[in-house]
A.B. asks: 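I have a structure I would like to understand better, so I am pasting it below and will then ask my questions one at a time.
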Amino acid sequence: MDFQPTEDQRALRAGVRDLLEGRYGREALRASVDSGTAVDRGLWRELGAAGFFALRLPESEGGVGLGLPEAVLVFEEAGRALVPGPLVATHLAAGVVPGAAAGTAVVTAFDLGGDLVAYLGEADAVLGADGLPDGEPVRAADPLTPLHRVRRRGGAAPPGDAPGSGSAYGPGYGSAYVAEGALLTAALQVGSALRTMELAVRYAGEREQFGQPIGAFQAVKHLCAQMLVRAEVARTAVYAAAVTGEPGEVAAAKLLADEAAVLGARDCLQVYGGMGFTWEADVHLHLKRAWVRAEQWRTAAEAEELLAAELPDSAELPDPAG
């Protein structure tokens, strides 16, 4: 059995990369940071026109008619480019919220598991909710992921904690929404992990110390090698989970991808040295976004609990008869 991407899948990934490099390269990213523009409506519509949000919507409903294996490929590229905005929620809302598939509507979600909602001020709708809830802006680590704390009315719980909602992630968020949201977020994390590895390797080849590139030193080589291993293991897990759709594999993929993105950005920062701590370097943007994504849809603790719950079912008990 061949698990390599097909020619069509490789072409899809290359097309998305070309689109994002031309439309949201480093200059556009830094301009967004400087202006505080968390959601570029023009880019959102272009992504919609390219089929980014309608990728898994049936052709009969105006979508592209592809599946999760193709979706994780394009989300990986979005993570690599560090595209801001509620990409996952809008993708999940295609066919449910008017305008989501075409990119004319921005849809966010209660994907942080509590009373914090990302991009509430930029959104036209919240997945699974009737209207936009009131919220107070709170300070966020990532400059391109604005957060709001949903107001409690008369001591009532925020929508994400509503009794009978079926999930800690919002009203009507069944296991399918949470699993697909976690997997697509994991794909974003993989893209970010691969990008920080590329940044580290490039900088290690350019920066010289003691008359040679710092990449010649064993300690730096080890850091870069560890980044590659974590990123590739996470990528493999994400691809496999996209094919099987098994809850345990999705949880493992999110767990591995979060680790690859966070630790990869931290290791990249170490390779950069003092330069990595500066505002001009992009490393801190990847690290801060990875921190936020690690809390979205399924946290490490939740993934570990799900995997632990599956262990008794997967364990082979010895035959008492010998």
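Everything quoted here is computed from the prediction, not taken from an experiment. Excluded from the calculations below are hydrogen atoms, water molecules and symmetry mates; all remaining heavy atoms, backbone and side chain alike, are included.
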A.B. asks: So if I apply the salt bridge (charged side-chain N to carboxylate O under 4.0 Å, His left out) rule between Arg289 and each of Asp282, Asp142, Asp258, which one comes out positive?
C.D. replies: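 The residue from Asp282, Asp142, Asp258 that satisfies salt bridge (charged side-chain N to carboxylate O under 4.0 Å, His left out) with Arg289 turns out to be Asp142.
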A.B. asks: Side chain of Lys254, backbone of Ala182: donor and acceptor closer than 3.5 Å?
C.D. replies: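 No, the answer is negative, given that no donor and acceptor are paired below the 3.5 Å cut-off.
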A.B. asks: Knowing that exactly one of Arg80, Arg293, Met197 qualifies, which makes a side chain to side chain contact (heavy atoms under 4.5 Å, CB included) with Ser192?
C.D. replies: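 For Ser192, the side chain to side chain contact (heavy atoms under 4.5 Å, CB included) check succeeds only for Arg293.
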A.B. asks: If you round to the nearest 0.5 Å, how far is CG of Leu57 from CG of Leu55?
C.D. replies: 10.0 Å
A.B. asks: Considering all heavy atoms of both residues, which atom of Val97 and which atom of Ala125 are nearest to each other, and what is their separation?
C.D. replies: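 Shortest heavy-atom contact: CG1-CB, 4.0 Å.
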A.B. asks: Is Arg149 salt-bridged to Asp134, going by a charged N under 4.0 Å from an acidic O?
C.D. replies: no
A.B. asks: Please name the pair of heavy atoms, one in Ala78 and one in Leu188, separated by the smallest distance, quoted to 0.1 Å.
C.D. replies: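 Where Ala78 meets Leu188 most closely, the heavy atoms are CB-CD2, 3.9 Å.
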A.B. asks: For a quick test of reading the model, state the closest non-hydrogen atom pair linking Gly95 to Ala101 and the distance between them.
C.D. replies: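 Gly95 and Ala101 have their closest heavy atoms at N-CB, 4.5 Å.
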A.B. asks: Assess the side chains of Thr244 and Glu249: does a donor N or O sit below 3.5 Å from an acceptor N or O?
C.D. replies: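 Yes, a side-chain donor-acceptor pair sits under 3.5 Å.
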A.B. asks: Does the Gln9 side chain pair with the main chain of Thr6, one donor and one acceptor, at a distance under 3.5 Å?
C.D. replies: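 Yes: the side chain of Gln9 pairs with the backbone of Thr6.
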A.B. asks: Indicate, with yes or no, if Leu144 and Leu285 share a hydrophobic cluster defined by side-chain heavy-atom contacts under 4.5 Å among Ile, Leu, Val, Met, Phe, Trp and Tyr.
C.D. replies: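 Yes: a chain of side-chain contacts under 4.5 Å links Leu285 to Leu144.
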A.B. asks: Do His284 and Trp279 make a side-chain contact, defined as non-hydrogen atoms from C-beta onward lying under 4.5 Å apart?
C.D. replies: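 In contact.
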A.B. asks: Is any side-chain heavy atom of Val117 closer than 4.5 Å to one of Leu147?
C.D. replies: no
A.B. asks: If we ignore hydrogens and angles and just use 3.5 Å, is the side chain of Thr90 paired with the main-chain N or O of Leu87 as donor and acceptor?
C.D. replies: no
A.B. asks: Look at atom CD of Gln218 and say whether more than 12 heavy atoms of other residues, nucleotides or ligands are closer to it than 6.0 Å.
C.D. replies: no
A.B. asks: Distance check, rounded to the nearest 0.5 Å: Leu29 atom CG versus Thr37 atom OG1?
C.D. replies: 11.5 Å
A.B. asks: Would you compute the distance between atom CG of Asp115 and atom CD of Glu136 and round it to the nearest 0.5 angstrom?
C.D. replies: 11.5 Å
A.B. asks: Please name the pair of heavy atoms, one in Tyr119 and one in Gly85, separated by the smallest distance, quoted to 0.1 Å.
C.D. replies: OH-N, 3.0 Å
A.B. asks: For the ring pair His91 and Phe75, is the centre-to-centre distance below 6.0 Å?
C.D. replies: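 For His91 and Phe75, the ring centres are under 6.0 Å apart.
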A.B. asks: Tell me if the CD atom of Glu21 is crowded by more than 12 foreign heavy atoms within 6.0 Å.
C.D. replies: yes
A.B. asks: Do Glu232 and Arg235 have side chains that approach each other closer than 4.5 Å (heavy atoms only, starting at C-beta)?
C.D. replies: yes
A.B. asks: Can you check whether Val106's main-chain N or O pairs, donor with acceptor, with Asp124's side chain at less than 3.5 Å?
C.D. replies: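 Yes, because the side chain of Asp124 sits within donor-acceptor range (under 3.5 Å) of the backbone of Val106.
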A.B. asks: Please examine the side chains of Leu19 and Leu47, heavy atoms only from C-beta on, and report whether any two atoms are closer than 4.5 Å.
C.D. replies: yes
A.B. asks: Just by modelled atom types, is the Pro5 backbone N or O under 3.5 Å from a matching donor or acceptor in the Arg10 side chain?
C.D. replies: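 Yes; at least one donor-acceptor contact below 3.5 Å.
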A.B. asks: Consider only side-chain N and O atoms of Tyr272 and Thr278, and report whether a donor and an acceptor are under 3.5 Å apart.
C.D. replies: no
A.B. asks: Would you say Leu311 and Leu255 are hydrophobically clustered, going by side-chain heavy atoms of ILVMFWY under 4.5 Å?
C.D. replies: no
A.B. asks: Looking at Glu46 and Arg23, is there a salt bridge between them, counting it only when a charged N and a carboxylate O are closer than 4.0 Å?
C.D. replies: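 Glu46 and Arg23: salt-bridged.
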A.B. asks: Do Arg230 and Asp267 meet the salt-bridge criterion of a basic N to acidic O distance under 4.0 Å?
C.D. replies: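 Between Arg230 and Asp267 there is a salt bridge, with a charged N closer than 4.0 Å to a carboxylate O.
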A.B. asks: Test side chain to side chain contact (heavy atoms under 4.5 Å, CB included) on Phe110 and Val150; report intermediate values, then the result.
C.D. replies: CA-CA 10 Å; Phe110 298 106; Val150 175; 4.1 Å; yes
A.B. asks: Under the rule for ring pair (Phe, Tyr, Trp, His ring centres under 6.0 Å), what residues qualify as partners of His286, not counting sequence neighbours?
C.D. replies: none
A.B. asks: Are any side-chain N or O atoms of Glu310 and backbone N or O atoms of Gly248, one a donor and one an acceptor, separated by less than 3.5 Å?
C.D. replies: yes
A.B. asks: Can a donor-acceptor pair be found between the side chains of Tyr203 and Glu198 at a distance below 3.5 Å?
C.D. replies: no
A.B. asks: Roughly how far, to the nearest 0.5 Å, is CZ of Arg17 from CZ of Arg13?
C.D. replies: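 So the gap between those two atoms works out to 7.5 Å.
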A.B. asks: To the nearest 0.5 Å, what is the distance between CG (Leu12) and CD (Glu77)?
C.D. replies: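 One gets 9.0 Å once the value is rounded to the nearest 0.5 Å.
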A.B. asks: With rounding to the nearest 0.5 Å, note down the distance linking NE2 in His148 to CG in Leu112.
C.D. replies: 13.0 Å
A.B. asks: If I compare all heavy atoms of Glu59 with all of Val64, which pair ends up nearest, and what's the gap?
C.D. replies: CG-O, 3.6 Å
A.B. asks: In terms of heavy-atom contacts, does CD of Glu7 have more than 12 from other residues, nucleotides or ligands at under 6.0 Å?
C.D. replies: no
A.B. asks: Below 4.5 Å, heavy atoms only, C-beta onward: do Thr104 and Trp44 meet side chain to side chain?
C.D. replies: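 Side chain of Thr104 against side chain of Trp44, heavy atoms only: no contact under 4.5 Å found.
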A.B. asks: Determine whether Leu199 and Arg195 make a side-chain contact, defined as any pair of heavy atoms from C-beta on separated by less than 4.5 Å.
C.D. replies: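 The answer is yes; the side chains approach within 4.5 Å.
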A.B. asks: Would a single hydrophobic cluster contain both Leu73 and Leu66, if residues Ile, Leu, Val, Met, Phe, Trp and Tyr are joined by side-chain heavy-atom contacts under 4.5 Å?
C.D. replies: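 Looking at the clustering, Leu73 is in the same group as Leu66.
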A.B. asks: Could you see if Val201 belongs to whatever hydrophobic cluster contains Phe217? Use Ile, Leu, Val, Met, Phe, Trp, Tyr and a side-chain cutoff under 4.5 Å.
C.D. replies: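 Unlinked, Val201 and Phe217 end up in two clusters.
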A.B. asks: Is there a side-chain contact between Leu194 and Glu76 in this structure, where contact means two heavy atoms from C-beta onward sitting under 4.5 Å apart?
C.D. replies: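 Answer yes - side chains close enough.
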A.B. asks: Within a radius of less than 6.0 Å around CG of Asp130, do more than 12 heavy atoms belonging to other residues, nucleotides or ligands occur?
C.D. replies: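 No - once you tally the heavy atoms of other residues, nucleotides and ligands closer than 6.0 Å, there are 12 at most.
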A.B. asks: Is it true that Val229 and Val190 fall in one hydrophobic cluster, defined by side-chain heavy atoms closer than 4.5 Å?
C.D. replies: no
A.B. asks: Compute the centroid of each ring, for Trp297 and then for Tyr177, and state whether the two points are separated by less than 6.0 Å.
C.D. replies: no
A.B. asks: Test side chain to side chain contact (heavy atoms under 4.5 Å, CB included) on Gln296 and Val292; report intermediate values, then the result.
C.D. replies: CA-CA 7 Å; Gln296 290 181 307; Val292 174; 4.3 Å; yes
A.B. asks: Compare all side-chain heavy atoms of Leu183 with those of Val238 and state whether any distance is below 4.5 angstrom.
C.D. replies: yes
A.B. asks: Keeping the roles fixed (side chain from Thr299, backbone from Glu295), state whether a donor-acceptor pair exists under 3.5 Å.
C.D. replies: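 Flag not set: sc Thr299 to bb Glu295 has no pair under 3.5 Å.
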A.B. asks: Which pair of heavy atoms, one from Ala237 and one from Leu256, lies closest together, and at what distance?
C.D. replies: CB-CD1, 3.7 Å
A.B. asks: Verify side chain to side chain contact (heavy atoms under 4.5 Å, CB included) between Leu132 and Val126, making sure each step is shown before the conclusion.
C.D. replies: CA-CA 6 Å; Leu132 291 171; Val126 179; 3.6 Å; yes
A.B. asks: Below 4.0 angstrom, N of the basic side chain to O of the carboxylate: do Arg56 and Glu180 qualify?
C.D. replies: yes
A.B. asks: Decide side chain to side chain contact (heavy atoms under 4.5 Å, CB included) for Leu287 and Thr196; before the verdict, give the C-alpha distance in whole Å, the side-chain angles of both, and the deciding distance to 0.1 Å.
C.D. replies: CA-CA 9 Å; Leu287 179 58; Thr196 52; over 6 Å; no
